[in-house]
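No hydrogens, no waters, no symmetry mates; every other heavy atom, side chains included, goes into these values. Lettering follows sequence order; numbering is per chain, from 1. For clarity, every value in this text was computed on a predicted model and none was experimentally measured.
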Amino acid sequence: MKESYNPKDIENKWRKDWDEKKLYQVEVDNNKEKYYVLEMFPYPSGRIHMGHIRNYTIGDVTARYKRTRGFNVLHPIGWDAFGLPAENAAIERGVHPAKWTYENIEQMKAQLKKLGYSYDWTREIATCDPTYYKWEQMVFTHMYQKGLAYQKSTTVNWCPSCETVLANEQVEDGQCWRCGSEVELKEMAGWFLKTTEYTEELLEWADKLKDGWPERVLSMQKNWIGKSTGAEIEFKLHDTIGEEDIVKVFTTRPDTVFGVTYMSLAPEHPLVEELIKGKPEEEEVLEFVNRVKKQSNLERVADGAKKEGVFTGAYAINPFTHLSIPIYVANFVLFEYGTGIIMCVPAHDQRDFEFAKEYNLPIRVVIQPEGVELDPHTMKEAYVEPGVMVNSQQFSDLESATAKENIVEFIEQNGLGEKQINYRLRDWGISRQRYWGTPIPIIYCDKCGAVPVPDEDLPVELPLDIEFTGKGGSPLSKVESFVNTTCPDCGDPAKRETDTMDTFVESSWYFLRYASPKYTQGIFNKDEVSYWLSVDQYIGGIEHAILHLLYARFFTKALRDLGMCDLDEPFKNLLTQGMVIKDGTKMSKSVGNIVDPDDMIAKYGADTVRLFIMFAAPVNRDLDWSDEGVEGSFRFLNRVWRLIFDVYDKIEQVKGKQVEPSKISKSAKELLTKVHKTIKKVTDDLDRFQFNTAIAAVMELLNDTSRFKPDGQDDLPVLREAVEAMIRLLYPMAPHVSEELWHELGYDNTLVDMQWITWNEELVQSAAINIVIQINGKVRSQITMDSDSDQDQMKEAALLDEKVQSFIAGKEPKKVIVVPKRLVNIVV
RNA sequence: GCCGAAGUGGCGGAAUUUGGUAGACGCGCUGGACUCAGAAUCCAGUGGGCAUUGCGCUCGUGGGGGUUCAAAUCCCCCCUUCGGCACCA
């Protein structure tokens, strides 16, 4: 055995060995319980960063650990390979996106391999490969045939810098999630996936997932879906417009309907024009509408933006009070939500209140809080809480909660509207006006309309000979040979759709493809998918809480309904790891606080990097990168190495020799107890993903073992047992050095395939235990007792203790509380 | 504004699952050994205050109250930080 630990010598050696033995290649085995651990696959940017390493190390430790627990572990990796950076590289440097992407993949793959991750590389996929996106195109056409994909022209989010449309989920604070440019609104045709078809199911399952998913993520998703229960109520117009004589509003507060004193509609609403036609207000309203429309979304919703509006000259009738109420156009009404028209109750809605004050509109109180008399003239703000109904005819004097139900019932019985639920969630707009993505497999024919490309003609491959100018719309639209085709239905000349799909589509189903990545007869081999799926443990960053994780959930349900799989949910358990930060902020090029993984591995080896990143913080919290901390982890592995080097001769002679408990010294007994306690603790911690404390426990074991002085030959097997346990407990985190040391101890099997070390519960319960003695709740003394002492013995021993005697000084204890094996509290 | 998470030494963090010795483990720092010297390594110490002749005593987990023999842990109120959503009717 070499005197010093040199990771360079051993890491390559073992990786090669594991590779050659194909240890990580797994197959369906119905006799074995499976465990599918998956980390969110990377975008091939070219470089691995510390965030990746944290993510993949958590996954790898889990995969290795579960394997030692007897599971058939699926641990795949691949590349989320479509996306804009590849296209930008093409525009800026003239490299083809495909070349750029595949070269990046090679580089990153080499980096990942150096970290010793236990991936089954035979299952590697790249989403930009036609054999992958072919199936995505088929899913799309099948969705289209089932009505789950459709085309519409609507107002979309447009990123002027990326020159493409963004889905609602991809706009953050009015800015593009990718580049941060301010998003513009644009009227445009595009393809949509019907996420709203699954709104209720997504919500329902959000509750069922709560044992396995962080509450934070689920609440973010629920928040995003934004369910509100209420009613749609019809208001008659004072003057009929064409055929129309009613307008519908959505409200969550039907109990306030007697308080409606005006209505407002969104400036974009088509009804505006009709309402004002020929009226004296026409010009003023049009001016207002145009002014508001010119404002960016950001300006309109900005903090403290004033509530503004203008009277249309039209009136409606409150169906409950039968009073005429004016109709306004108001800047705070959203066209996209509900019906784009709202009933306004200034007494009980803060926005309506502010607006009413501004334009001197009447305020009508219909709900009174207990003990206070609301006066419309002196109210400073709207009263939005529940209370007792007033001024509401037959509903007066009821609790508002009761009245809410009664009024909805009344509305339905009298044909004034119906109970309704509204959601914030919109359908997913997936059209992107870019090149490097999955072509949307649709052909436009003058005669037949939008025709899906038949299954047998898929994939619609991306043409590779293309020029990148970065200007003038979708690059595909300029490739004649791509655009011009014939209609699959009638054979006439036709044109292809030139938009590509949002790259979030690829990541919505890749986890299923891993089960049978090379299958050619269909999207999935059903047997393999039903064996491996769902994902038992998914691991990734919190930034995908809504985007990817919601899309993937939707997609899985859609695939199920297309008959392509049997899953309700893709990910049984989700772990969201925190960011890796340095000097208080996220690592980034612009701040200049990036730590290069290659440098770290070159300096300390992969095991040290893995160990540090697992030790420095609990997985779900942000991790503060510390160069000194890495040194510490390296020091620890060196100490393990040196310990074994130092005791090598002693433990070599006792290989395979059992510990004989009756013959060992007191300190050996203590060490033996520590060993088994540590095995138990590390096992518990790994089961709970508490890697930091698991590592701390192994460090404690190292400290105790280093201090241990064997007293005679009979103590040596204990020392050996401690060393062996240390290596095996360390293995999931630091596999290379563990494997090396294991072989140094004279074994020739691999730890990869070895079963997890078990503890002996009898040895965990040591013979002598420490009992704390408190007086009035304060620790005053400690005594050592046999672990099987009963409560009376403990009490007796405590009262006889010298220090206790001096503290109670002859006083009679009022009460003595005994906690078995722990403490005695004497109350005087 | 609404929803969620979190506040513990100089720092990262243990102990919260089950109320029972607060500060494990690591970093940093201090002192010592080794060395011509340094690096590395090893040993000892390391929450504050008091006492240091020794046993020790006392305060202490964001703040205030409460429950309990006993609270970082449970309950109520408040403060701060972070994250998400936000004119969603």
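N692(A) comes within 4.0 angstrom of sugar-phosphate atoms only, judged by non-hydrogen atoms across all strands, and of no base. Across all strands shown, E543(A) has no heavy atoms under 4.0 Å from either base or sugar-phosphate atoms. At a threshold of 4.0 angstrom between heavy atoms, the contacts of N770(A) include nucleobase atoms, whether or not backbone atoms are also involved.
For the pair R424(A) and A86(B), the criterion of a side-chain N or O lying under 4.0 Å from OP1 or OP2 is met. Using a 4.0 Å cut-off, some side-chain N or O of R621(A) falls inside it from OP1 or OP2 of A14(B).
A donor-acceptor contact under 3.5 Å is formed by the side chain of N825(A) with the base of C69(B). Residue side chain K814(A) does not reach the base of C69(B) through any donor-acceptor N/O pair under 3.5 Å, judged by distance alone.
Listed by residue number, the members of residues 256-269 of chain A with any heavy atom below 4.0 angstrom from RNA chain B form an empty set.
Minimum atom distance to the side chain of E700(A) is reached by A24(B), of the listed A24(B), A89(B), C69(B). In the set C25(B), U21(B), A89(B), the nucleotide with an atom closest to the side chain of Q782(A) is U21(B). Each of C27(B), A14(B), A86(B) was ranked by its minimum atom distance to the side chain of E628(A); first place goes to C27(B). Nearest to the side chain of D624(A), among G12(B), A24(B), U17(B), sits G12(B). Here C27(B) is the nucleotide among C27(B), G4(B), G20(B) with the atom lying nearest to any side-chain atom of R635(A). With A15(B), G20(B), G4(B) as the candidates, the nucleotide lying closest to the side chain of L823(A) is G20(B).
Sorted by first and then second residue, the pairs that involve residues 608-622 of chain A and meet side chain to side chain donor-acceptor pair (under 3.5 Å), not counting sequence neighbours, are D60(A)-R610(A).
Considering only residues two or more places apart in sequence or on other chains, Y648(A) meets the ring-ring contact (aromatic ring centres under 6.0 Å, His included) condition with none of them.
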